[in-house]
Amino acid sequence: MLPVVVVHGGAGQIPKENTEVCCAGVREAARLGYSVLTSGGSAMDAVVEAVTMLENNPAYNAGKGSVLNVKGEVEMDALVMDGRTLDSGAVSAVRGVANPTQLARMVMEKTSHLCLTAEGASKFARAMGVPEVPEESLITDYARMRWKKLEPGSNPVECQIGKIGTVGAVAVDVEGNLACATSTGGILNQMEGRVGDTPCIGCGGYADNQIGAVSPTGHGEAIMKVTLSRLILFHMEQGKSPEEASDLALDYMKERVKGLGGVVVVDPKGTWTARFNSLQMIWAAAQQEQLHYGLYHGEDFTEPI
């Protein structure tokens, strides 16, 4: 059953013209993560590589392709967590960095802190020799067009339709270690300095070798209110399977705070799931030389890796 990697490219509703490119990107990221694992790489290596690939793909709301805040600027959040040690690193509201996930890993490995924010994160990136990229290189024509089309006073959540959300990955390596990584550009037209669930441990991700690993996507404020990632692992601690635990937590989030979203989850044995209560979620998983993927509820297409 080991190793395994599961990747998501966000939950929501994708325009038909973007479907194929979004689905293909997630399949490629799962293949990349799996190749890292089968080459002896760690779960952390695999999730960071997979999410970095999605950050570099303008089809997703992370890295290049991030949505724009109320001022028409890019502010990004990312989180990584190591299930072996419970070490974690995150960045929030960071600017001018191509790959926030790699910066989050540096926070975990090079500092005693869990999260650095805004200008502090940018200063740390410069100190670590991370190249500063011009903001224009992160802004796509599509993101700018959608920002300009926003009506004053419109609901920021409803405006997400047409741009799939946060990206993320979970993995278990051959040694049985788990990891998660999550990255996002936030929500369209968010206030300057808004931080969502992604960089918050237990909300935007969690990994524990003794229980499992989770990476979510969806409306950040709702995910934070129910600490979605840790809630799923709580249900798994009570004996629920990854699928049962995910459904319980997503149902609770919808009933309690009207929250829509989805998750990818894996347990230490390599049992994985991709579950969502939104219309769609792009996901792919790689295990035992097979690639699984889907977009709508009930889909599980397979092909050889």
Side-chain angles (χ1 to χ4, degrees), residues 5 7 25 28-29 32-33 35-37 39-69 71 73-140 143 166-171 173 177 179-186 192-196 198-201 204-205 207 215:
V5 60
V7 179
E28 283 308 303
L32 175 62
S35 72
V36 170
L37 292 169
S39 305
S42 68
M44 179 60 66
D45 294 334
V47 295
V48 170
E49 286 296 319
V51 173
T52 294
M53 178 180 263
L54 297 176
E55 288 173 339
N56 292 336
N57 186 328
Y60 306 99
N61 176 20
K64 182 179 174 66
S66 291
V67 296
L68 307 185
N69 68 11
K71 290 177 69 179
E73 299 167 342
V74 170
E75 293 182 309
M76 300 165 290
D77 302 335
L79 168 90
V80 299
M81 187 164 182
D82 184 335
R84 185 175 62 87
T85 57
L86 302 188
D87 286 340
S88 179
V91 291
S92 63
V94 70
R95 300 166 183 252
V97 172
N99 299 114
T101 303
Q102 293 187 9
L103 186 59
R105 184 176 187 174
M106 289 178 189
V107 172
M108 178 179 74
E109 293 178 345
K110 308 287 189 188
T111 81
S112 59
H113 303 317
L114 254 67
C115 185
L116 294 177
T117 195
E119 183 54 30
S122 298
K123 282 181 180 171
F124 173 69
R126 289 192 287 273
M128 290 290 106
V130 175
E132 199 164 352
V133 300
E135 184 167 66
E136 284 301 312
S137 71
L138 301 172
I139 299 176
T140 61
T166 301
V167 302
V170 294
D173 60 32
N177 292 316
C180 70
T182 310
S183 181
T184 189
E192 191 178 9
R194 177 259 183 189
V195 175
T198 295
C200 301
I201 190 170
S215 175

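Basis for what follows: all heavy atoms, side chains included, without hydrogens, waters or symmetry-related copies.
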Taking all non-hydrogen atoms of both residues, which atom of [X] and which atom of [Y] are closest, and how far apart?
{"X": "V91", "Y": "A121", "result": "CG1-CB, 4.1 Å"}
{"X": "A125", "Y": "V97", "result": "CB-CG2, 4.2 Å"}
{"X": "V170", "Y": "S215", "result": "CG1-N, 3.5 Å"}
{"X": "N57", "Y": "G25", "result": "ND2-CA, 4.1 Å"}
{"X": "S66", "Y": "G185", "result": "OG-CA, 3.5 Å"}
{"X": "D173", "Y": "G41", "result": "CB-O, 3.9 Å"}

Got [X] and [Y] here, is their nearest side-chain heavy-atom distance under 4.5 Å?
{"X": "L138", "Y": "V133", "result": "yes"}
{"X": "M81", "Y": "L86", "result": "yes"}
{"X": "Q102", "Y": "T52", "result": "yes"}
{"X": "V74", "Y": "N69", "result": "no"}

Is the side chain of [X] donor-acceptor paired with the backbone N or O of [Y] at a distance under 3.5 Å, no angle test?
{"X": "N99", "Y": "T101", "result": "no"}
{"X": "K64", "Y": "T140", "result": "no"}
{"X": "E75", "Y": "G193", "result": "yes"}

Nearest-0.5 Å distance that lies between atom [atom1] in [X] and atom [atom2] in [Y]:
{"X": "D87", "Y": "S112", "atom1": "CG", "atom2": "OG", "answer": "11.0 Å"}
{"X": "C115", "Y": "M108", "atom1": "SG", "atom2": "CE", "answer": "13.5 Å"}
{"X": "M128", "Y": "K110", "atom1": "CE", "atom2": "NZ", "answer": "6.5 Å"}
{"X": "R194", "Y": "S92", "atom1": "CZ", "atom2": "OG", "answer": "11.0 Å"}
{"X": "M53", "Y": "E49", "atom1": "CE", "atom2": "CD", "answer": "8.5 Å"}

Open item on the list: Quiz question: by atom type and distance under 3.5 Å, do the side chains of T182 and T198 form a donor-acceptor pair?
Closed with: no
Open item on the list: Assess, by modelled atom type and distance only, whether the side chains of N177 and D82 contain a donor and an acceptor separated by less than 3.5 Å.
Closed with: no
TODO: With side chain to side chain contact (heavy atoms under 4.5 Å, CB included) as the test, would you mind laying out the steps for M106 and V130 before giving the verdict?
DONE: CA-CA 10 Å; M106 289 178 189; V130 175; 3.7 Å; yes
TODO: For side chain to side chain contact (heavy atoms under 4.5 Å, CB included), just list the numbers for L79 and S88, CA-CA rounded to whole Å, side-chain angles, deciding distance to a tenth of an Å, and then say yes or no.
DONE: CA-CA 7 Å; L79 168 90; S88 179; 3.4 Å; yes
- [ ] Please lay out, stage by stage, how E55 and M76 fare under the test side chain to side chain contact (heavy atoms under 4.5 Å, CB included).
- [x] CA-CA 11 Å; E55 288 173 339; M76 300 165 290; over 6 Å; no
Open item on the list: Out of the candidates D77, T184, N61, only one should pair with T166 under the side chain to side chain donor-acceptor pair (under 3.5 Å) rule; please name it.
Closed with: T184
Task: salt_bridge(D45, R105) N-O dist < 4.0 Å - done: yes
